[in-house]
Amino acid sequence: MTQIAEERTTQEDRYAAYLVDLAGKDRGALAALRRGLGREPGEVAEVHPYVVPWLPKGARRDVEDAYYLVASLFASHPMHWHRTEEGGRHTFGASLERLARQSGSAGVEPRLIAILNSPREDLPNRLRQAVGLLKTHEIPVDWARLLKDLRHWDSDQRWVQRNWAADFWGARAPEPTDENDGGTE
């Protein structure tokens with residue numbers, strides 16, 4: 001990787017690359033991470049060795065929770081969607097749009113609406129169910145993007161939810177810069 005590419009790689013990208021690499025060489029690690037599904041972060045000690053080294057220094061609890069959640073969800077469906085696919089549309093809404101298109105199921109739309117209306121504390125269960133459907137249909141997830149989006153779920157402008165909706169139903173909303181989003185990080 002060139003130095004310029006490394007500079008453009010985000011913490012989320014590096015974490016997702018780590019998970020993808022882990023999936024390719026350590027099935028025991030994936031089993032440990034799967035044990036975290038449906039459990040509170042920190043409740044399953046086997047998950048810590050794979051997540052704690054990646055937590056940003058001084059991160060708030062909701063940010064840490066996002067790292068744990070993404071690791072467990074990834075372990076249940078280690079199929080990564082690369083950003084060069086689908087013309088750069090790579091939010092969780094785009095994954096669900098692909099599911100709706102491929103499966104022809106009308107049940108995907110109400111599931112997305114429920115996720116978009118969810119407060120942060122309901123996301124783990126709703127996302128776990130949705131990831132299970134994506135796995136069944138072999139539809140990838142951009143895990144780095146999901147981590148970024150979870151970190152910004154509570155933004156006052158709700159740009160994450162708007163972008164997921166746009167990737168499912170139409171045109172994308174502009175994303176604010178991290179310094180300027182008015183929400184939490």
Side-chain angles (χ1 to χ4, degrees), residues 10 12-13 15-16 19 33-34 36-41 43 60-178 180-185:
T10 66
E12 292 92 351
D13 292 323
Y15 187 61
L19 293 172
L33 291 173
R34 278 192 301 273
L37 282 171
R39 310 286 289 279
E40 288 293 317
E43 191 174 340
R60 289 188 333 263
R61 173 77 189 264
D62 60 326
V63 171
E64 289 183 1
D65 289 355
Y67 277 81
Y68 280 95
L69 177 59
V70 166
S72 294
L73 291 171
F74 172 84
S76 73
H77 178 45
M79 191 171 185
H80 184 62
W81 186 348
H82 298 281
R83 294 194 178 152
T84 56
E85 298 175 44
E86 295 280 329
R89 294 178 53 225
H90 52 275
T91 67
F92 200 76
S95 291
L96 291 176
E97 188 278 330
R98 186 186 263 186
L99 171 63
R101 191 169 13 102
Q102 286 183 9
S103 70
S105 172
V108 178
E109 184 173 330
R111 187 174 300 273
L112 174 62
I113 290 170
I115 293 169
L116 295 176
N117 283 327
S118 292
R120 180 178 293 281
E121 59 269 10
D122 293 344
L123 284 174
N125 188 46
R126 293 195 190 279
L127 290 174
R128 183 172 44 86
Q129 293 170 1
V131 167
L133 284 175
L134 295 171
K135 177 182 180 179
T136 299
H137 294 276
E138 297 182 355
I139 295 172
V141 174
D142 182 336
W143 298 104
R145 179 57 189 250
L146 181 59
L147 177 58
K148 176 184 178 184
D149 287 350
L150 291 175
R151 291 179 65 178
H152 296 280
W153 189 257
D154 295 323
S155 167
D156 292 340
Q157 289 83 24
R158 297 184 55 84
W159 62 266
V160 172
Q161 294 85 341
R162 291 185 358 225
N163 280 335
W164 288 20
D167 279 350
F168 190 85
W169 288 292
R172 293 180 53 82
E175 292 180 24
T177 61
D178 283 343
N180 203 5
D181 78 359
T184 60
E185 179 152 341

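The first residue of the sequence shown is numbered 1, and numbering continues consecutively from there. Below, each value reflects all heavy atoms present in this structure, side chains not excepted, and no hydrogens, waters or symmetry copies.
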| task | Using the side-chain contact (heavy atoms from CB on, under 4.5 Å) rule, take D122 and N117 through it: C-alpha gap first, then chi angles, then the decisive distance, then the call. | result | CA-CA 10 Å; D122 293 344; N117 283 327; over 6 Å; no
| task | Sequence neighbours left out, what passes side-chain hydrogen bond (donor to acceptor under 3.5 Å, both in side chains) with T136? Give chain and number order. | result | none
| D167-T91 side chain donor-acceptor pair, cut-off 3.5 Å | yes
| said: So, using side-chain hydrogen bond (donor to acceptor under 3.5 Å, both in side chains) as the criterion, who are the partners of Q129 when residues are at least two apart? | reply: none
| Listed partners of N125 passing side-chain hydrogen bond (donor to acceptor under 3.5 Å, both in side chains), at least two apart | R128
| query | Quick check, are the ring centers of W153 and W164 under 6.0 angstrom apart? | reply | yes
| field | Spacing of CG belonging to D13 relative to OG1 belonging to T10, to within rounding of 0.5 Å | value | 3.0 Å
| query | When rounded to the nearest 0.5 angstrom, what is the spacing between CG in L69 and CD in E40? | reply | 10.5 Å
| task | Over all heavy atoms of both residues, which pair between A66 and R151 is shortest? Give the atoms and the distance, please. | result | CB-CG, 4.4 Å
| request: Name all residues meeting the side-chain contact (heavy atoms from CB on, under 4.5 Å) criterion together with L133; count only those two or more places apart in sequence or in a different chain, and write none if there are none. | output: L99, R111
Contacts under 3.5 angstrom, residues 70-79 side chains, donor-acceptor by atom type, not counting sequence neighbours:
unit_1, atom_1, unit_2, atom_2, d
S72, OG, L33, O, 2.9
S72, OG, Y68, O, 3.4
S76, OG, L73, O, 2.7
H77, NE2, I139, O, 2.6

| query | Are more than 12 heavy atoms from other residues, nucleotides or ligands located less than 6.0 Å from atom CD of E138? | reply | no
| field | Side-chain donor/acceptor of R120 to backbone N/O of L150, under 3.5 Å | value | yes
| field | Nearest-0.5 Å distance that lies between atom CD in Q161 and atom CD1 in I113 | value | 13.5 Å
| query | When you measure from the centre of the six-membered ring of W81, is the NZ or CZ of R98 under 6.0 Å away and within 45° of the axis? | reply | yes
| query | Partners of R158 by salt bridge (charged side-chain N to carboxylate O under 4.0 Å, His left out), sequence neighbours excluded? | reply | none
| task | Please answer whether the main-chain N or O of D62 pairs with a side-chain N or O of D65 as donor and acceptor at a distance below 3.5 Å. | result | no
| task | Could you tell me whether a side-chain N or O of E64 sits under 3.5 Å from a main-chain N or O of R61, the two making a donor and an acceptor? | result | no
| Side-chain donor/acceptor of S118 to backbone N/O of L123, under 3.5 Å | no
| request: Side-chain contact test, heavy atoms from C-beta onward, threshold under 4.5 Å: evaluate it for H137 versus S103 and give yes or no. | output: yes
| message | Between the side chains of E97 and R101, is the shortest nitrogen-to-carboxylate-oxygen separation below 4.0 Å, so that they form an ion pair? | response | yes
| task | Please examine the side chains of F92 and R145, heavy atoms only from C-beta on, and report whether any two atoms are closer than 4.5 Å. | result | no
| message | I'd like to check W169 versus E109 (side-chain heavy atoms, cut-off strictly below 4.5 Å). Are they in contact? | response | yes
| query | Atom OG of S95 and atom CG of D142: how far apart are they, to the nearest 0.5 Å? | reply | 7.5 Å
